[in-house]
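Some notes on the structure that comes next.
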2 protein chains.
Amino acid sequence: MVKVQSIDRAFLLLQELAKKSGGISDLSRRSGLPTSTVARLLSALEESEVIERIDDGYEYKLGPRILQMASQSNKGENLLAIARPHMVSLVDQLFENTGLSISSGYEVQYVGQVNCANPVQIRDWTGTRLPMHVVPSGLVILAHWPKKAVQSFLDRKLDRYTPNTVVNKAEIIKRLEKIKEDRFCWCLEEFSEGINSIASPLFAENGNVMGALHVHGPSYRFPSDSMKKIVANLLVSQAEKMCKELKHK
Amino acid sequence: MVKVQSIDRAFLLLQELAKKSGGISDLSRRSGLPTSTVARLLSALEESEVIERIDDGYEYKLGPRILQMASQSNKGENLLAIARPHMVSLVDQLFENTGLSISSGYEVQYVGQVNCANPVQIRDWTGTRLPMHVVPSGLVILAHWPKKAVQSFLDRKLDRYTPNTVVNKAEIIKRLEKIKEDRFCWCLEEFSEGINSIASPLFAENGNVMGALHVHGPSYRFPSDSMKKIVANLLVSQAEKMCKELKHK
DNA sequence: AATTCGTTTCCCACTATATGGGAAGAACTT
DNA sequence: AAGTTCTTCCCATATAGTGGGAAACGAATT
């Protein structure tokens, strides 16, 4: 795989800017690149209208071009935009954080989250990527992949994240079958101790899984025994609603 | 302003990909760049996880990284996501297309649109940029700028788009005062003959205007005399609602 | 199976192009 | 007004990007 230095660096800077806006020397420190190089790259990015200055000053931030590209990236419709009301509704009903992830290679990428009011809550995972077998979002995606694809997923080293992580291949395959029927998957402290979560798949127009909606909370309170079934039902039906919306848009 | 060739070209390709996914030679034709160059650039972009292959094949599309950056571009909250339900609600009430734009320099950039069911409708402007004085979205933004900024905006050549376009500076200043009071602005065929539209401003947490919500339709039916006031009221109150949501998020 | 067409991928010599140190100039701070 | 911390500019250097062309690959056709 080929690299192009300036492009690599450009996106390194964009990534930094996504975290937090800043000036040239600030970004130079954060990224470890020489100031003059940062100055040139930022200037080029500004030229392309990907970033812009805050109040015409010396600080840069991501520009509208990013939003525009994002809004066109899924057949002109923005996944995040469609997802958000559904996520808000889930948070209102379940009082735990809700997230959105999409599949990317053999990993899930978290692209959005809506938080609950409770001061004790799971941190925002937006931007992180995780292997599919350690999170329910990943497992529900896998469950709807063709057998061959699943096979090649499993033909690699599967990392263990906690004592609960399932890394046994036969076990995973069996689990996936159940998930495909259920349309949801619980993971109890399989990715990180103290976190439980549940996910339900999202399908694109063509019928392929594209991502997942999930709800997660601290394991001491989520899910309470009495709520387990209710949570699953709510999540699944919300995800289904969202898919319908995705279809005729 | 400095340019960096590879970055320029990278975003040229991304822009093409945003329009439509495609393979190397396809993009080479569309962009006018040599195939080997396109291959290298795409490979670098893939490496940076900005684009990815469709079904592991030879076609590329924008990847999740774009979405992720977009979702973090406005203080971790996605403008499009918050806006969408409000836009949908307006469409449901007014039966005309609704759009979202943000300010960028001396121009407005259209970043989102929700369409009505009516077969006769305004085309999707998403992605285009227009000078502020020819569209109501731009005018409502200008109206909330500091005087000095407005002055330097006006100290440039103002293009006329239709016979109705207002390019007289004194006239514009007077108009802006009215708009600031009203919180909305109608433009009747000032940008394009056959299109009427109305916009209301959106404010960021710090109180600055960041963009606008607008509704537009074919001039033969929109706005009907009886609806003019109602439309304005609905739009303004929806925009205000959305601003509140933007604030405590 | 064999041929063709349209891909992508690889290679490599070339020099255009990005690089980064340092100086000069602008902005804030004290 | 002097000091500090920025951004911007310049320029010699060689690295890193470039693009032509060949090879490899895949799909489609006969």
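All values below come from the heavy atoms of this structure, side chains included, with hydrogens, waters and symmetry mates left out. Keep in mind that what you see is a predicted model, and the values were worked out from it rather than measured. Quick note on labels: first sequence line is chain A, next is B, and so on, each numbered from 1.
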Margin query: Any base atoms under 4.0 Å from B:Ser6, or only sugar-phosphate, or nothing? Heavy atoms, all strands.
Written below: sugar-phosphate

Checklist line | Protein-nucleotide distance (A:Ile24, atom CD1; C:dC28, atom C1'), rounded to Å | finding: 16 Å

Next item on the list: Ignoring the backbone of A:Gln5, work out which of C:dT19, D:dG26, D:dT8 is nearest its side chain.
Entry: C:dT19

Checklist line | Per B:Arg9 side chain, nearest of listed nucleotides D:dC9, C:dA26, D:dG19 | finding: D:dG19

Notebook entry, point to check: Just how far, in rounded Å, is P of D:dT8 from CZ of A:Arg40?
Noted result: 13 Å

Margin query: Side chain of B:Ser25, heavy atoms from C-beta onward: which of D:dG17, D:dC6, C:dT8 has the nearest atom to it?
Written below: C:dT8

Item checked: Pairwise 5' ranking along DNA chain D for A:Gly23 and A:Val4, keeping only the more 5' one -> A:Gly23

Item checked: Distance, P atom - from C:dG22 to C:dA26, rounded to whole angstrom -> 22 Å

Item checked: Closest heavy-atom pair and its distance - B:Pro201, B:Arg183 -> CD-O, 3.2 Å

Margin query: Measure NZ/B:Lys3 against C1'/C:dA16 and give the value in whole Å, please.
Written below: 16 Å

Margin query: Measuring from the side chain of B:Arg53 (C-beta onward, heavy atoms only), which nucleotide among C:dG20, C:dT9, C:dA26 has the closest atom?
Written below: C:dT9

Note to self: Parallel, tilted or perpendicular, judged at 30° and 60°: which one describes the rings of B:His144 and B:Phe203?
What the structure shows: perpendicular

Check: Between A:Ser36 and B:Leu33, who's closer to the 5' end of DNA chain D by nearest nucleotide?
Finding: A:Ser36

Margin query: If I take atom CG from residue A:Leu27 and atom CG from residue A:Leu42, how far apart are they, to the nearest 0.5 angstrom?
Written below: 5.5 Å

Checklist line | For atom CG of B:Leu27 and atom C1' of C:dT8, their distance in whole Å | finding: 13 Å

Next item on the list: If the plane angle is over 60° it's perpendicular, under 30° parallel, otherwise tilted; pick one for B:Trp145 and B:Tyr106.
Entry: tilted

Note to self: Under 6.0 Å between ring centres: does that hold for B:Phe11 and A:Phe11?
What the structure shows: yes

Next item on the list: Whole angstrom is fine here: how far is it from OH in B:Tyr58 over to C1' in C:dG6?
Entry: 12 Å

Check: Just how far, in rounded Å, is C1' of C:dC28 from CD of A:Glu59?
Finding: 14 Å

Next item on the list: Please report, rounded to the nearest Å, how far the P atom of C:dT17 is from the CG atom of B:Leu41.
Entry: 13 Å

Checklist line | Euclidean distance, atom CG of residue A:Leu13 to atom P of C:dT19 [Å, nearest integer] | finding: 11 Å

Item checked: Nucleotide nearest A:Pro34 (side chain, heavy atoms from C-beta), chosen from C:dT9, C:dG20, C:dA27 -> C:dG20

